[in-house]
2 protein chains.
Amino acid sequence: MSDLLAHKPISASVGDYLKAIWNVAGSGSASTNELSEHLSVAPGSVTRMLGRLREMGLADYEPYHGASLTERGRREALRLVRRHRLIETFLLEHLGYPLTDLHEEAERLEHAVSDGFTERLADFLGHPGRDPHGDPIPAADGTLTPEDSLPLSEAEAGRRVRVSRVSHEEPATLAYLAENGLIPGRLLKVEEVRALDGVVTVEDEYGTCHTLGGALARSILVRNL
Amino acid sequence: MSDLLAHKPISASVGDYLKAIWNVAGSGSASTNELSEHLSVAPGSVTRMLGRLREMGLADYEPYHGASLTERGRREALRLVRRHRLIETFLLEHLGYPLTDLHEEAERLEHAVSDGFTERLADFLGHPGRDPHGDPIPAADGTLTPEDSLPLSEAEAGRRVRVSRVSHEEPATLAYLAENGLIPGRLLKVEEVRALDGVVTVEDEYGTCHTLGGALARSILVRNL
DNA sequence: CAAGGAGATCAGACATACCTAAAGAAGTCT
DNA sequence: AGACTTCTTTAGGTATGTCTGATCTCCTTG
Ligand SMILES: [Mn+2]
Ligand SMILES: [Mn+2]
Ligand SMILES: [Mn+2]
Ligand SMILES: [Mn+2]
């Protein structure tokens, strides 16, 4: 009888779909194919799940027109993102995990920890505002500080900038960027942003130059100095 | 083709069944009903799962004659027990969890952490030999130190003993025992062990007497001094 | 405006894991 | 031995989440 109030916890799959929609859609909407790609799942599976998310009141979905999160869906997604980022912080700072392995472990643990665990962990960590990749950690009440950085791909040549976020999931990319010192906090001078192919050239604090492809430059966020 | 070598990770359910068999069977075998009870699952579900555990080579099972773990099954069970007890230790010592809430959280987390996490956590904790309830933590290689304590129910009247394990899962029981100071490390004098109903009376270090029912006395382990 | 093709949905399966109800096996008591 | 009771298994269903292959829609392009 209390089915409408029970609000039983969402499953790991549902949670990952919500996060995917949040990541992909931004303020707009996410297509079946984008989600299929992002989640490494067949398109048919996505269609089925979007139907269920709509039934559950977590997503708005019109067949053939993509999906976006409802207010409840957004809350659930941000709850997971908070957990994920706090867990990554713990893994790096206290268990000595390599930067490259944080994501995979957090991707599983985020579904297993309780709210109680999460808040105790936040306490233990001293309530960090950002995770090891520089990504902001949503507050317990679902508030997320608005982004104040811009993608390196949109920086202006000649400008001096500081890297604020290197938000990647693939270990290989992460390892490459870390080896080249392209990590949050690093100072860079933008040498060139080529309009043609989006390739960006930067010089770091030690005078070394780095050339980054368009996709990579788009996912490194910086602040102008 | 490499199905025989792949050894894909076991599911949370399978893991919990293996732990249940390990707990219930000891060196003998576990019956369908005992497992059904222990796991709060219908008997029919247990029968189905025992068939699957046999297929997977994790349990020996003859219909109508109970189940016991194979060597592989025992290894998997102990791997989970190690994780569970390390996690409980972390939750209590570093996150300040109440003693009563450790088990529930660990019961979920044990299935989500990797071997890498587990060993890094063991390092972080300083390789503890026992968890907060006094239960021994299996080594990474699957070794478990043999029990050297005896149940309070089998202690001799007049003997002075030290509590070594208070291995309970129900929060209410745990809370009661903690309130009465019946925790690992505590010194007791055995006043009476009544053969009739197994009720045990003990006097603690402060002269206070405690009377414990048979079931409770059987699950508190002590060492003679 | 009529094709084509990319993208999406539908239909049918499979795997896991649970439940209930009915039927079968084992051991106990007379 | 026969009857009972208790434990177990079987049978048939539900729920979640995935895949493949067939079909349908929509937009772009000629
Ligand atoms: Mn991550
Ligand atoms: Mn995840
Ligand atoms: Mn426990
Ligand atoms: Mn468990």
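Letters A, B, ... mirror the listed sequences (proteins, then strands); counts begin at 1. In this text the structure is predicted, and so the values were computed from the model without any measurement.
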- Task: Check the distance between dA17(C)'s C1' and Met56(B)'s CE and give it to me in whole angstrom.
- Result: 11 Å
- Item | Summary of protein contacts for nucleotides 7-15 of chain C, nucleotide by nucleotide, where a base hit scores B, a sugar-phosphate-only hit scores S (4.0 Å, heavy atoms) | BSBB-BB--
- Message: Check this for me, if you would: do Asp197(A) and Arg194(A) make a salt bridge, where the nitrogen-to-carboxylate-oxygen distance has to be below 4.0 angstrom?
- Response: yes
- Query: Hey, does the side chain of Glu93(B) reach the backbone of Phe90(B) with a donor-acceptor pair shorter than 3.5 angstrom?
  - Reply: no
- Taking the six-membered ring for Trp, are Phe117(B) and Tyr97(A) parallel (under 30°), tilted (30 to 60°) or perpendicular (over 60°)? tilted
- Query: Is Glu110(A) paired with Arg82(A) through a side-chain N to carboxylate O contact shorter than 4.0 Å?
  - Reply: no
- Message: Measuring to OP1 and OP2 of dT16(D), would you say a side-chain N or O of Ser13(A) lies under 4.0 angstrom away?
- Response: no
- Message: Could you tell me how far apart Lys8(B) (NZ) and dT16(C) (C1') are, to the nearest whole angstrom?
- Response: 11 Å
- Item | Mutual orientation of the aromatic rings belonging to His84(B) and His103(B) [parallel < 30°, tilted 30-60°, perpendicular > 60°] | tilted
- Roughly how many Å is it from CG in Leu39(B) to C1' in dA17(C), rounded to a whole number? 12 Å
- Integer-rounded Å distance: dT8(D) C1' and Arg54(B) CZ: 14 Å
- Query: Salt-bridged, Lys19(A) to Glu107(A), with N to O below 4.0 Å?
  - Reply: yes
- Grab the CG-P distance between Leu53(B) and dT9(D) for me, whole Å please. 13 Å
- Task: Look at the side-chain N and O atoms of Tyr17(B) and state whether any lies under 4.0 Å from the OP1 or OP2 oxygen of dT16(C).
- Result: no
- If you check the Met49(A) side chain, which of dC18(C), dA17(C), dG17(D) turns out closest? dG17(D)
